[in-house]
Amino acid sequence: VGLPAENAAREKGVHPREWTYANIAAMREQLMGRGLAVDWSREFATCDPEYYARQQRLFLDFFRMGLVYRAEADVNWDPVDETVLANEQVIEGRGWRSGALVERRKLSQWFFKITSFADDLLGGLDQLGRWPEKVRLMQRNWIGRSEGLRFSFDLNKAPLSSIEVFSTRPDTIFGASFIALSPEHPLTEQLASKDSKLAQFVAECRAGGTAEEAIETAEKRGYDTGIRARHPFDADWELPVYVANFVLMAYGTGAIFGCPAHDQRDLDFARKYRLAVLPVVIPEGVDPKSFTIPEEAYVGPGRLANSRFLDGLDVDNAKAEVARRLEAAGRGLRTVHYRLRDWLVSRQRYWGCPIPVIHCQSCGIVPVAAENLPVKLPDDVRFDSPGNPLALHPTWKHTACPKCGGRATRETDTFDTFVDSSWYFVRFTDSHAEDPVNRDAARYWMPVDQYIGGVEHAVLHLLYARFFTRAMAKAGNLTVQEPFAGLFTQGMVCHETYRAAADGGDWLLPEDVEKRDGGVFMRGTDIPVSVGPSEKMSKSKKNVIAPETIIDAFGADTIRWFMLSDTPPERDIEWTQEGAEGCWRFVQRIYRLITEAEGLPLPGTTIAEATDSDLELRRATHRAIAAVTEDLNALRFNRAVAQIYTLANAFGAAGAAGGAARREALETMVLLIGPMMPHLAETCWETLGHKTLVAMARWPHADPRLVKSDTITIAVQVNGKRRGEIEIAREAGEESVKSSALALDSVQRALEGKPPRRVIVVPGRIVNVVA
RNA sequence: GCCCCCGUGGCGGAAUCGGUAGACGCGGCAGACUCAAAAUCUGUUGCCUUCACGGGCGUGCUGGUUCAAGUCCGGCCGGGGGCACCA
């Protein structure tokens, strides 16, 4: 489901359904070709009415619970994709998919009330111990909780008798110089209707735009309404009321009191309009009389001054005191505000899940009854004109009101595709259940033990899914609050970029480039190619390698091995031809080791021999088991790979080791590579004489006696510098370690005949001799 | 502007608890095998110095804590990410 399908339909004239199912089929082929273990019996497509019918039922639940509403609001409009976007989908002022600068439009849209879970979504983050701190931090910042005080100033003139502001710094109330309203504030609108100059000012503010550049460079501007506000603690103190371009309607109350000494924006504003700048918070140890504000507002801690009953208090106590007094006077309320906004879920597009609602002229908004679901998409749509094909469809949207039977129209917006992905993991617990959720299955499987995805979804999918899980739990469908117990954010695959000329030129595919004689040329020519930095594979820069071509050349196991080698999975990985060839050589090396191993005892033979080289090989084997097991459990695949190389190298070092020890080592290696190179492992397993599958075999168990050797090597330092090492029994006492260390020639040389002042022995680790 | 993360050989990266820096791989160099090449195998590969033994330096820079610092703390420099008029 989604925009790429619909855009392809517009460009190529195929129906989005055909395009989508063709892609699913191709993707399924690819996944199977890579030897992934997938339970295909659970497969479903979110664009199938089987799925979105259930989604529409969830919507009805949410509707009943008051978690859905339709409202007119300032929304983000993507002019290229011709639809609105949620706040999370606007990155640096641009549509996350199209890259187009978004515009602000006032439209009536559907919202999910994610803000009603704001506090819970924030608090829940602390319990997600197996999530990356980075993602939790991003969500924390996105939700943006701030505690403050909401309180009112009386006004000296109509149309309102008072104005309510929100502040996180009520302690600075005696440093107030002005009140500022948002251009979109209802009071501003009332005043503007009678004041053409103000109306013009508001229009200019709107024209300023919301693009990042515009905001960054926009200077603070204000318009004095002529109204005066009375200070809440001094009836004789009047503050001017401005309309100011930097005050946002969507946050707090859309109105602020300005304290220039302790807020940079207020200071910029005050300097421009020549308003008083009175410091009221003085840093510790500074004389209040000499403390002035030059160009930067002081936002640090300190003690209150110039503030009557607050003088001498610290910031926190002053905040509490102001709150206490204003609350007691009935004109203030401690409140918590969030940066998070409700999730705008309607999209003016065809290829999505229809929002199951009917608009009736007399009854208003009426949800479609559950027994009439699903509301299916019509197939006969045209993409030859701009706009939403559903809205342009000649008949689809006309229907009868479920309540009064009168003429009514269907909602033509469809859901944001992120709605589809917000609960698919729950559906996987029983993909074919009649109800949206099989509660028993969900209770058994949820939460997802280990979720893997890109960090780009930190405040998109991962936030929406957490909201959905809570909403579904509230509706009785789930018993968990959090969808994903563990989260891992993996990196992307990158590749060098190539251009036909140093100063630009066309991008070239890696397959059209060859490296020889220390240079890089266009394949089959002497034309040099300019090599650019490694970047995320993208079609636009042509630095892509089709998985099929690699699988054809090296096989799926080589690709899998390469992906796991070298780079930790959370980091971006660079695809290189050399690296892939190296993996290919290792695949062959393992196969050779197995096929060349002649005269091995039969499978299951107990190990009796104990020559030195046998013991060495057995130690290497069991160390590898221990290390690989640990690394795989911790998702440190690159280290697991390195451990297997080390084991493979041990065969060379083991020399004459043969018989049962060699069989044990080879079988172990095959079992250890099993999860990473399944095809190779099964072939080798069979070659070793087994009739069963590696996939069904028990994971090997490390013998602790073989993992630890009897003797250990300990480094010896003199004054922190390494001078030598001693090989000594693991259980050797401190005294014998000490004397062996001091006996070293290199240590004696470094001591220059003098006795050591001190000898530090860290058991099993190091000896440091202090001269 | 605010917040967060990261700087280790030619390259990807190890060292996750303050205890031998550079595991393992790629690349390079040398050798064996070969008529030759490829493949394979063996050795070698941080930098400087030395015929050699050895010595010195070394985890972005800088200062500190410690017997001991890639690891902890302060200040800077560089790179990446998030948020961005949020009161």
Side-chain angles (χ1 to χ4, degrees), chain A residues 91-93 132-142 144-146 148-149 165-170 172 180 182 210 212 214-216 218-220 244-248 250-259 262-266 268-269 296 299 337-341 455-456 458-459 534 561-562 565-568 571-574 576-583 585-586 588-589 592 627 634 636 638-649 652 713-725 746 749 756-771:
Chain A
I91 314 292
E92 295 189 340
E133 182 52 39
K134 179 188 168 73
V135 173
R136 291 192 286 167
L137 186 69
M138 281 166 74
Q139 291 212 356
R140 224 171 263 136
N141 290 341
W142 188 261
R145 180 181 204 272
S146 43
L149 189 70
V165 301
F166 174 74
S167 175
T168 56
R169 293 296 304 273
T172 63
S182 164
T210 52
E212 43 176 336
I215 289 172
E216 248 173 50
E219 64 175 323
K220 307 281 175 285
N245 63 345
F246 65 92
V247 181
L248 303 174
Y251 190 81
T253 61
I256 59 159
F257 81 81
C259 175
H262 306 291
D263 182 286
Q264 191 59 44
R265 291 156 307 172
D266 296 349
D268 296 343
F269 190 81
E296 271 185 38
V299 294
H337 272 282
Y338 297 93
R339 215 188 71 99
L340 183 69
R341 310 287 160 71
V455 73
E456 68 273 17
V459 288
S534 184
W561 190 249
F562 177 87
S565 302
D566 293 350
T567 304
R571 278 193 227 177
D572 287 349
I573 182 169
E574 187 179 356
T576 63
Q577 186 69 20
E578 294 82 0
E581 283 166 5
C583 293
R585 284 200 297 270
F586 186 65
Q588 296 173 91
R589 186 172 154 205
R592 259 198 324 273
R636 291 187 296 227
N638 56 319
R639 292 213 316 191
V641 164
Q643 308 292 356
I644 288 168
Y645 275 110
T646 306
L647 177 58
N649 291 341
T713 306
I714 292 180
V716 180
Q717 298 179 328
V718 178
N719 289 335
K721 275 188 183 158
R722 188 177 175 279
R723 293 295 170 183
E725 57 189 35
S746 52
R749 203 162 42 233
R757 279 199 292 166
R758 208 174 141 195
V759 180
I760 291 154
V761 177
V762 183
R765 303 217 95 142
I766 205 164
V767 178
N768 193 8
V769 179
V770 185

Task: Gap in Å between the two P atoms, one belonging to U42(B) and one to C24(B), rounded - done: 13 Å
- [ ] Rounded to whole angstrom, note down the C1' distance from A69(B) over to G54(B).
- [x] 27 Å
Open item on the list: Measuring to OP1 and OP2 of U20(B), would you say a side-chain N or O of R723(A) lies under 4.0 angstrom away?
Closed with: no
TODO: Find the distance N141(A):CG to C3(B):C1' and express it as a whole number of Å.
DONE: 6 Å
Task: Test side chain to side chain contact (heavy atoms under 4.5 Å, CB included) applied to Q264(A) and D268(A), step by step - done: CA-CA 6 Å; Q264(A) 191 59 44; D268(A) 296 343; 3.2 Å; yes
Task: Rounded distance in Å - CG (N649(A)) to P (U40(B)) - done: 14 Å
- [ ] Establish, with yes or no, whether the OP1 or OP2 oxygen of C3(B) is under 4.0 angstrom from a side-chain nitrogen or oxygen of K134(A).
- [x] no
Task: Interatomic distance at P, A52(B) relative to C47(B), whole Å - done: 15 Å
- [ ] Identify whether any heavy atom of V770(A) sits under 4.0 Å from a base atom; if not, whether one sits that close to sugar-phosphate; answer base, sugar-phosphate or nothing.
- [x] sugar-phosphate
Open item on the list: Applying the Watson-Crick and G-U wobble criteria at under 3.5 Å, what pairs with G7(B)? Answer none if nothing qualifies.
Closed with: C77(B)
Task: d(CD1, I573(A); P, C11(B)) in whole Å - done: 18 Å
- [ ] Name the nucleic acid region contacted by R757(A), choosing base, sugar-phosphate or nothing; use a 4.0 angstrom heavy-atom cut-off, strictly under.
- [x] nothing
Task: Heavy-atom closest pair, residues A715(A) and I766(A) - done: O-CG1, 3.5 Å
- [ ] Measure distances between side-chain N and O atoms of R140(A) and base N and O atoms of C4(B), and say whether any donor-acceptor pair falls under 3.5 Å.
- [x] no
TODO: Round to the nearest Å and state the distance from R339(A) atom CZ to G82(B) atom P.
DONE: 13 Å
Open item on the list: It should be established whether R585(A) places a side-chain nitrogen or oxygen under 4.0 Å from OP1 or OP2 of nucleotide C26(B).
Closed with: yes
Task: Phosphate contact (C86(B) OP1 or OP2) by R169(A) side-chain N/O below 4.0 Å - done: no
Open item on the list: Just to be sure I understand the rule, does I760(A) reach a base, reach only the sugar-phosphate, or reach nothing, if contact means heavy atoms closer than 4.0 Å?
Closed with: base
Open item on the list: Does N768(A) reach a base, just sugar-phosphate, or nothing at all? Heavy atoms under 4.0 Å.
Closed with: base
- [ ] Taking all non-hydrogen atoms of both residues into account, name the closest pair between K134(A) and V455(A) and its distance.
- [x] CE-CG2, 3.7 Å
Task: Atom pair CZ (F586(A)) and OG (S565(A)), whose distance is rounded to the nearest 0.5 Å - done: 8.5 Å
Task: Between P of U20(B) and CG of N719(A), the distance in whole Å - done: 17 Å
Task: Rounded interatomic separation in angstrom, taking CE from M138(A) and C1' from G81(B) - done: 7 Å
Open item on the list: Is there a side chain to side chain contact (heavy atoms under 4.5 Å, CB included) between F269(A) and D263(A)? Walk through the geometry before answering.
Closed with: CA-CA 10 Å; F269(A) 190 81; D263(A) 182 286; over 6 Å; no
- [ ] From the options U16(B), C41(B), C24(B), select the nucleotide whose nearest atom is closest to the side chain of T646(A).
- [x] C24(B)
- [ ] Between G10(B) and C29(B), how far apart are the C1' atoms? Round to whole Å, please.
- [x] 13 Å
TODO: Just call it for E578(A): base, sugar-phosphate, or nothing, with non-hydrogen atoms closer than 4.0 Å on any strand.
DONE: sugar-phosphate
Open item on the list: Does A14(B) have OP1 or OP2 under 4.0 Å away from a side-chain N or O of N638(A)?
Closed with: yes
TODO: Output yes when at least one side-chain N/O atom of Y645(A) is less than 4.0 Å from OP1 or OP2 of G25(B), else no.
DONE: no
TODO: Determine the Euclidean distance between corresponding C1' atoms of U20(B) and C35(B); express it in Å to zero decimal places.
DONE: 49 Å
TODO: Report the base-pairing partner of U42(B) (Watson-Crick or G-U wobble, both distances below 3.5 angstrom), or none.
DONE: A30(B)
TODO: Return the nearest nucleotide to the side chain of T168(A); candidates are A21(B), A87(B), G13(B).
DONE: A87(B)
Task: Among A14(B), A21(B), G25(B), the one nearest P568(A) by side-chain distance - done: A14(B)
- [ ] Take the angle between the ring planes of Y251(A) and F166(A) and call it parallel below 30°, perpendicular above 60°, tilted in between.
- [x] perpendicular
- [ ] Could you measure between the two P atoms, the one in G80(B) and the one in G13(B), and give it in whole Å?
- [x] 16 Å
Open item on the list: Please name the nucleotide paired to C85(B) by Watson-Crick or G-U wobble geometry with both distances under 3.5 Å, or report none.
Closed with: none
TODO: Let me know the distance between CG of L137(A) and P of C83(B), rounded to the nearest Å.
DONE: 11 Å
Open item on the list: How many whole angstroms separate atom NZ of K220(A) from atom P of G1(B)?
Closed with: 14 Å
Open item on the list: I want to verify a distance call: between A87(B), U20(B), G13(B), whose nearest atom is closest to the Q717(A) side chain?
Closed with: U20(B)
Open item on the list: As a test of reading the structure: which of G13(B), C41(B), G19(B) is closest to the side chain of I766(A), going by heavy atoms?
Closed with: G19(B)
Open item on the list: To the closest 0.5 Å, what do you measure between CG (N719(A)) and CG (N768(A))?
Closed with: 7.0 Å
- [ ] For C72(B) and G1(B), measure between their C1' atoms and round to the nearest Å.
- [x] 30 Å
Open item on the list: What's the closest nucleotide to the side chain of T713(A) if the choices are U20(B), C3(B), C24(B)?
Closed with: U20(B)
Open item on the list: Could you tell me the Watson-Crick or G-U partner of C67(B), where both distances fall under 3.5 Å? Say none if there is no partner.
Closed with: G19(B)
TODO: Assign G25(B) to syn or anti; the rule is syn for a glycosidic angle within 90° of 0 and anti otherwise.
DONE: anti
- [ ] Classify the nucleic acid contact of F166(A) as base, sugar-phosphate or nothing, counting any heavy atom under 4.0 Å across all strands shown.
- [x] base
Task: Inter-nucleotide P distance (C53(B), U40(B)), Å rounded - done: 33 Å
Task: Close side-chain approach of D566(A) and N638(A), heavy atoms under 4.5 Å - done: no
TODO: Scan V247(A) against the nucleic acid and name what it touches under 4.0 Å (heavy atoms): base, sugar-phosphate only, or nothing.
DONE: base
Open item on the list: Test side chain to side chain contact (heavy atoms under 4.5 Å, CB included) on F257(A) and D266(A); report intermediate values, then the result.
Closed with: CA-CA 9 Å; F257(A) 81 81; D266(A) 296 349; over 6 Å; no
TODO: Report which part of the nucleic acid S565(A) touches: base, sugar-phosphate, or nothing (heavy-atom distance under 4.0 Å, all strands).
DONE: nothing
TODO: Please tell me which of I91(A) and K721(A) maps to the more 5' nucleotide of RNA chain B, matching each residue to the nucleotide holding its nearest heavy atom.
DONE: K721(A)
Open item on the list: Quick check: on RNA chain B, is the nucleotide nearest I256(A) upstream (toward 5') of the one nearest A715(A), or the reverse? Name the residue that is more 5'.
Closed with: A715(A)
- [ ] Select one nucleotide: of C83(B), U16(B), G55(B), the one nearest the side-chain heavy atoms of V459(A).
- [x] C83(B)
